[in-house]
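The sequence lines fix the lettering, A, B, ..., with proteins before strands; numbering per chain opens at 1. Note: hydrogens, waters and symmetry copies are ignored here, and every other heavy atom, side chains too, is used.
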Amino acid sequence: MRVSRYHMPTLKEAPKEAELASHTFLLRGGFIRQLAAGIYDFLPLGVKVLHKVSNIVREEMNRKGALEVLLPAVQPAELWQESGRWQHYGPELLRVVDRHKRDFCIGPTHEEVITDLARRDLRSYRELPVNMYQIQAKFRDEIKPRGGLLRGREFIMKDAYSFDADADGARKSYQAMYDAYCAIFRRCGLDFRVVEADTGNIGGSMSHEFQVVAETGEDYVLRCPSCDHTVNQEMAALRGPVDGAASADALGIPPFEPVHTPDQKSVEDVAAFLGVTTSQVVKTLICVADGEPIAVLLRGDHDLSDVKLRRALGATSVELADDATVEKVTGAIVGFAGPVGLKPTASGKKIRIVADHSVNGLCDIVVGANRDYYHFRHVVPGRDFQVEKFLDVRNALAGDPCPHCADGAYSLFRGIEVGHIFYLGTKYSAAMQCIFQDIEGNVKPMVMGCYGIGVTRIMAAAIEQNHDERGIKWPVPIAPFEAAVLALQVADPNVSAAAEKLYADLQAAGVDVLFDDRDQRPGVKFADADLVGIPFQIVAGARDLAEGLVEVKDRRTGTREKVPVGEAAGIVAQRVREAGGQ
RNA sequence: CGGGGCGUAGCGCAGCCUGGUAGCGCGCCAGUUUUGGGUACUGGAUGUCGCCGGUUCAAAUCCGGCCGCCCCGACCA
C-alpha cells in the first residue's frame, strides 16, 4: 500500500478526551474516530489491525474444531424472557421497539440466540459436541464508557458456545478453549495471566479470565508467588480466619458510650477525630441480598467484596442498599450505621448481622450509633452486639495469606480483561429446553460453556503494553503493516527507484508493506511511521543510497543499522517471519 | 444516577468576568524555499461560536431551558 493513496489521517495533537496511551495513539494514528460516547468508527488502519487479530482468533478456534457462524445483532425479547434475563439484565441491555411495537434488544451477548439455534437443530448425542463461534459487534449500554476502545459501548467480540452431552465432555470443551485462548494471546504478543474468576450474572460454576498485565487495567488481580494461584481480587479467598486470632479481653473495657461526631462521616474522619486507627473503627454496610437487607461488618481499613459476600450468603444478587433503605434500617442518615440496636425490618424480622473474619476478636471498637452524627466507642463485639456469623467477605490485599499454600502471600497487579471463559452447565439449556436424547433414549439438557474474547479490547490492551512517547510498538502479528519503506526524497530519481524496488521486493517476499511515497519532509515520515507503529522501517535516502546503503530500523528496540540496498528486503522479510508475521 | 468540568475552524486553544469588526498555533490550498527526525517565508480558504428561548439598539459574551462530550464515584458477560 502506498501512503499517497491511503487514508491515514494522523494528528499532531491528541484530542483532549484521550487520557490513556492506547486511546491517544489510536486517535492520533488515524485508527479510529469517535462517533458518540463509547462508539467508534474504524478507519483503514484500525480495520487492518482488527483483521489481523480476528484471523489469529479464527485460526486457533478452527484448530480446536469450533465452527464459525454469524448471529443477528438485533434479538427478539421473547428469547430473553425465556432465559429470565429480560428482567435481570438491567439498563445495560439496549432495548428497542420495532414499528409493530415488538420488543427487541441489541445483543450484548448471544447465549439466548445460540441456545435457540442449538435446540432447534441438535437432537441426538451423536451430533454432540458442537462448538460454534462468531466475531461480531456487541452493544452494552455501559454507564460510563472510557478509555477509547478499552471500554466502549459498541465493541467487537469473539463469542463461542459449546454444547456437550455430559459434564465430562463439557469440561473437555472448556479445556480446549482454555488452551486456544492461551495460544491466541501468545500469538498476539501479549503478556497475559490466566485468572480464576467469578461467573457474574452469566451464571455457571467455573470461570477463568485472561488478563493482560497493564498499569492502566481496571481489574485487580492477586497472585501468590509461591504456588502461582492467580485470582481476581473480587473473589480472592483468604487463608483461614487468621485476622481475628487475638482473643478479646473485654474485662478492662468501659461500657460503650455515644460520642458526637458532627462532621465525620468517613472512616478516616472518625478515626482521626477520635484518635484511633482506622482498623479500630468497624464500618457497617447495609446491603440488600436477594431483596432482604443485611448488615455487614468490616474493619475500617478493609473493603467489601460484594462477589465474596454473594457467594458466602449463597445469594443470587447482592448490592449496597440505597440511602432510603439505609435510613429505614438504621434510623439515621447514611454514614452512621452500626450493629448496636438495629431496627427490625418491615416484616418484623430482626436484621441479619454478619461480619468479616477480621472483625472477630476485635474489642474496644468504634461503630456508628444509628443516630445522626453519633458514634459509639468502647464497643465490644459479643458483649454489646451479636454477630450471626463470621465470613470471608473482604477484598484481599497484597500481602494477605494465600489460601492454597502454607506460607504464600498475595501480590497484586492490574490487568485488562481480554478474554473470559465460563463453564455454564445447564443454566440456559434447562431454562430454554435445549435438550437431546442420549444413547439410552433419555432426554437431557445439553451441558454448555461460553467463551468470549474482546477483539477491539485486544487492540487497546496491546498498545497499553507496547508504546513509547512517540507512538505504538505493535507486536508484528497484529501490526497494521509489518514493514514500511520510507522514501526520503521522492523527487530524487535514485531514491524513488530504489524505494520502488524495495517495495516490490518486500511484497514479493510476502511482507505486508506500507510505502511512504509522499512528497513530504523526512521528519513527517519518521514521525508517522513511529506513531502508527510499523515494526520494521526501511529508510531509503539520498545520503546513504550514494553508498549503496539503506537504514533498517526496528521500532520495538529502536536499533538502526545500515545495510546494502540489495539485501534490505530479504533481511526485513526474514525478521518479519521470525517475529511471527504472516 | 450523584459530584466536577467542557462545548468557539479538521485538531489544540484564547476571547466570555466588564455585551459592539471572531482570533492564535497546528493542519489544509497556492507559490517560493528546504530536503535524514514534524523547515522557513508569502498569499489564501475554512466558523449556523452545541441547540432553543429570553434580556438588549446590539449576545460567543448576560439569564433560563435543553442536548452532547470528558473526568471522579456508584455499575459492569
Side-chain angles (χ1 to χ4, degrees), chain A residues 9-20 23-24 27-28 30 33-39 83 85 88-93 107-112 138-148 150-153 155 157-161 197-204 207 209 218-219 232 234 304 306-307 317-323 334 417-422 424 427-428 449-454 457 470-471 486-492 495 518-531 537 539-546 549-551 553 558 560 562:
Chain A
T10 55
L11 264 23
K12 241 188 215 184
E13 286 176 284
K16 64 168 178 237
E17 66 267 22
E19 296 199 323
L20 301 178
H23 196 187
T24 302
L27 250 13
R28 281 192 54 206
R33 288 291 183 259
Q34 178 169 317
L35 182 62
I39 301 179
S83 70
R85 286 159 113 195
H88 292 123
Y89 212 95
E92 207 174 291
L93 182 65
T109 175
H110 282 70
E111 281 80 14
E112 283 79 2
K138 299 273 187 274
F139 194 94
R140 288 181 196 167
D141 199 357
E142 297 275 354
I143 295 171
K144 188 176 128 187
R146 56 169 289 266
L150 262 192
R151 177 172 291 276
R153 291 195 294 170
F155 55 96
M157 175 166 148
K158 186 284 308 178
D159 49 324
Y161 308 86
D198 182 51
T199 52
N201 76 7
I202 200 161
S207 179
E209 289 169 348
E218 293 184 287
D219 290 327
N232 196 303
E234 64 183 12
L304 176 70
D306 53 348
V307 170
S317 87
V318 162
E319 56 196 15
L320 276 178
D322 57 29
D323 290 5
V334 174
E417 180 190 355
V418 290
H420 201 154
I421 59 179
F422 300 84
L424 288 178
K427 172 176 170 164
Y428 294 88
C450 76
Y451 320 92
I453 288 182
R457 192 180 270 185
R470 291 176 179 282
L486 311 188
L488 296 193
Q489 303 87 10
V490 281
D492 182 333
V495 173
R518 292 175 297 178
D519 185 11
Q520 281 286 357
R521 299 221 80 215
V524 174
K525 303 190 182 195
F526 292 134
D528 275 348
D530 287 349
L531 206 212
Q537 301 166 16
V539 181
R543 193 186 68 194
D544 291 338
L545 239 22
L549 300 173
V550 290
E551 189 175 276
K553 174 176 161 181
R560 309 177 198 185
K562 299 201 197 295

Q: First locate atom NZ of K16(A), then atom OG1 of T24(A), and finally report the distance between them rounded to the nearest 0.5 Å.
A: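 If I round to the nearest 0.5 Å, the distance is 14.0 Å.
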Q: What is the distance from atom OG1 of T109(A) to atom CE of M157(A), rounded to the nearest 0.5 Å?
A: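 Going from the OG1 atom of T109(A) to the CE atom of M157(A) covers 5.0 Å.
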Q: Between D530(A) (CG) and rG36(B) (C1'), how many Å, whole number?
A: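 From D530(A) CG to rG36(B) C1': 13 Å.
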Q: For the P atoms, the ones on rG5(B) and on rC63(B), what distance do you get once it is rounded to whole angstrom?
A: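 To the nearest whole Å, 15 Å.
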Q: Can you say whether a donor on the side chain of E551(A) sits under 3.5 Å from an acceptor on the base of rG36(B), or the other way round?
A: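 Check passes, donor-acceptor contact within cut-off.
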Q: Considering only heavy atoms from C-beta outward, does the side chain of Q520(A) approach that of D528(A) to under 4.5 Å?
A: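 The answer is no; the side chains never approach within 4.5 Å.
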Q: Would you measure the distance from the C1' atom in rG38(B) across to the matching atom in rG43(B) and give it in whole Å?
A: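 Pairwise C1' distance, rG38(B) against rG43(B), rounds to 23 Å.
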Q: What verdict does the side chain to side chain contact (heavy atoms under 4.5 Å, CB included) test give for L150(A) and R457(A), after you've listed the backbone C-alpha separation in whole Å, the side-chain angles of each residue and the deciding distance to 0.1 Å?
A: CA-CA 5 Å; L150(A) 262 192; R457(A) 192 180 270 185; 4.1 Å; yes
Q: Considering only rU35(B), rG38(B), rG37(B), which nucleotide approaches the side chain of R521(A) most closely?
A: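 Ranking rU35(B), rG38(B), rG37(B) by closest atom to the R521(A) side chain puts rU35(B) first.
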Q: Using whole Å, what does the distance between atom P of nucleotide rC75(B) and atom CG of D198(A) come to?
A: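 Spelled out: CG on D198(A) to P on rC75(B) is 14 Å.
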Q: When the distance from CZ of R28(A) to P of rG10(B) is rounded to whole Å, what number comes out?
A: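 That distance rounds to 19 Å.
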Q: Mind checking R33(A) for me? I need base, sugar-phosphate or nothing, with any heavy atom below 4.0 Å counting as a touch.
A: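 The residue R33(A) makes no contact with any strand.
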Q: With side chains defined as the heavy atoms from C-beta onward, is the minimum distance between I453(A) and V418(A) less than 4.5 Å?
A: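 No, their side chains stay 4.5 Å or more apart.
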Q: Which pairs, protein N/O on one side and nucleotides 3-7 of chain B N/O on the other, fall under 3.5 Å?
A:
| residue | atom | partner | partner atom | Å |
| --- | --- | --- | --- | --- |
| rC6(B) | O2' | K16(A) | NZ | 3.3 |

Q: Which part of the nucleic acid does A37(A) contact within heavy-atom distance under 4.0 Å: base, sugar-phosphate only, or nothing?
A: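 Sugar-phosphate, no base atom in range.
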Q: Round to the nearest Å and state the distance from D141(A) atom CG to rC1(B) atom P.
A: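 In whole Å, rC1(B) P lies 11 Å from D141(A) CG.
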Q: Quote, to the nearest angstrom, the P distance that separates rG64(B) from rC69(B).
A: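 The answer is 23 Å between these two P atoms.
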Q: Taking the P atom in each of rC62(B) and rG68(B), what is the distance between them to the nearest angstrom?
A: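 Straight-line distance between the two P atoms is 23 Å.
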Q: Evaluate the side-chain proximity of Y161(A) to L424(A): yes if any heavy-atom separation is below 4.5 Å, no if none is.
A: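 Side chain of L424(A) against side chain of Y161(A), heavy atoms only: no contact under 4.5 Å found.
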Q: Does a salt bridge link E111(A) with R85(A), judged by any charged N lying under 4.0 Å from a carboxylate O?
A: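 Salt bridge flag = yes for R85(A) with E111(A).
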Q: For nucleotides 71-73 of chain B, tabulate all protein N/O to nucleotide N/O atom pairs closer than 3.5 Å, reporting atom names and distance.
A:
| residue | atom | partner | partner atom | Å |
| --- | --- | --- | --- | --- |
| rC72(B) | OP2 | K144(A) | NZ | 3.0 |

Q: For the atom pair CG (D530(A)) and NZ (K553(A)), what is the distance rounded to the nearest 0.5 Å?
A: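 It comes to 3.5 Å.
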Q: Closest nucleotide of RNA chain B for D519(A) versus for L320(A): which of these residues is on the 5' side?
A: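 On the 5' side of the pair lies D519(A).
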Q: What interatomic distance, in whole Å, is found between C1' of rC16(B) and the corresponding atom of rU8(B)?
A: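 Pairwise C1' distance, rU8(B) against rC16(B), rounds to 11 Å.
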Q: Answer yes or no: is there a donor N or O on one side and an acceptor on the other, between the side chain of R153(A) and the main chain of F139(A), under 3.5 Å?
A: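 Looks like no, no N/O pair under 3.5 Å.
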Q: Contact class for K553(A) vs. all strands (heavy atom < 4.0 Å): base, sugar-phosphate, or nothing?
A: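 Answer is base: heavy atoms of K553(A) come under 4.0 Å of a base.
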Q: How about V495(A) and L545(A): do any of their side-chain heavy atoms sit closer than 4.5 Å?
A: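 Yes - at least one pair of side-chain heavy atoms lies under 4.5 Å apart.
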Q: Report the nucleotide, chosen from rC11(B), rC28(B), rC76(B), that has the shortest atom-to-atom distance to any side-chain atom of Q520(A).
A: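 The answer is rC28(B).
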Q: Would you classify D159(A) as touching base, sugar-phosphate or nothing, given that sugar-phosphate means primed atoms plus P, OP1 and OP2, and contacts are heavy atoms under 4.0 Å?
A: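 It contacts nothing in the nucleic acid.
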Q: In whole angstrom, give me the gap between the C1' atoms of rG15(B) and rC24(B).
A: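 About 10 Å, rounded to a whole number of Å.
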Q: So which nucleotide does rC28(B) pair with, by the Watson-Crick or G-U wobble rule with both distances under 3.5 Å?
A: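 The answer is rG44(B), by the H-bond criterion.
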Q: Carefully, step by step, assess L20(A) and R146(A) under the rule side chain to side chain contact (heavy atoms under 4.5 Å, CB included).
A: CA-CA 9 Å; L20(A) 301 178; R146(A) 56 169 289 266; 4.0 Å; yes
Q: Could you check which nucleotide pairs with rG2(B) in any of the strands shown, counting Watson-Crick or G-U wobble with both distances under 3.5 Å?
A: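 Base partner found: rC72(B).
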Q: Quick one: does E13(A) reach the base of rG25(B) with a side-chain donor-acceptor pair under 3.5 Å?
A: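 Pair found.
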Q: Say we look at rU32(B) and rU39(B): how far apart would their C1' atoms be, to the nearest angstrom?
A: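 That atom pair is separated by 13 Å.
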Q: May I ask you to say what D492(A) touches in the nucleic acid, namely base, sugar-phosphate or nothing, with a heavy-atom cut-off under 4.0 Å?
A: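 No contact at all - D492(A) keeps every heavy atom at 4.0 Å or more from the nucleic acid.
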Q: Is T10(A) reaching over with its side chain to a backbone N or O of R28(A), donor-acceptor style, under 3.5 angstrom?
A: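 It does not hold such a pair.
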Q: In whole angstrom, give me the gap between the C1' atoms of rA59(B) and rG53(B).
A: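 About 13 Å, rounded to a whole number of Å.
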Q: Mind checking R560(A) for me? I need base, sugar-phosphate or nothing, with any heavy atom below 4.0 Å counting as a touch.
A: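 The residue R560(A) makes base contact.
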Q: Give none if rC16(B) has no partner; otherwise give the nucleotide forming a Watson-Crick or G-U wobble pair with it, both distances under 3.5 Å.
A: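 When the pairing criteria are applied, nothing turns out to pair with rC16(B), so the answer is none.
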Q: Where the side chain of V539(A) is defined as all heavy atoms beyond and including C-beta, which of rG36(B), rG38(B), rC69(B) is the nearest nucleotide?
A: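 Closest nucleotide among those given: rG36(B).
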Q: So A491(A), base contact, sugar-phosphate only, or nothing? Heavy-atom distance under 4.0 Å.
A: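 No contact at all - A491(A) keeps every heavy atom at 4.0 Å or more from the nucleic acid.
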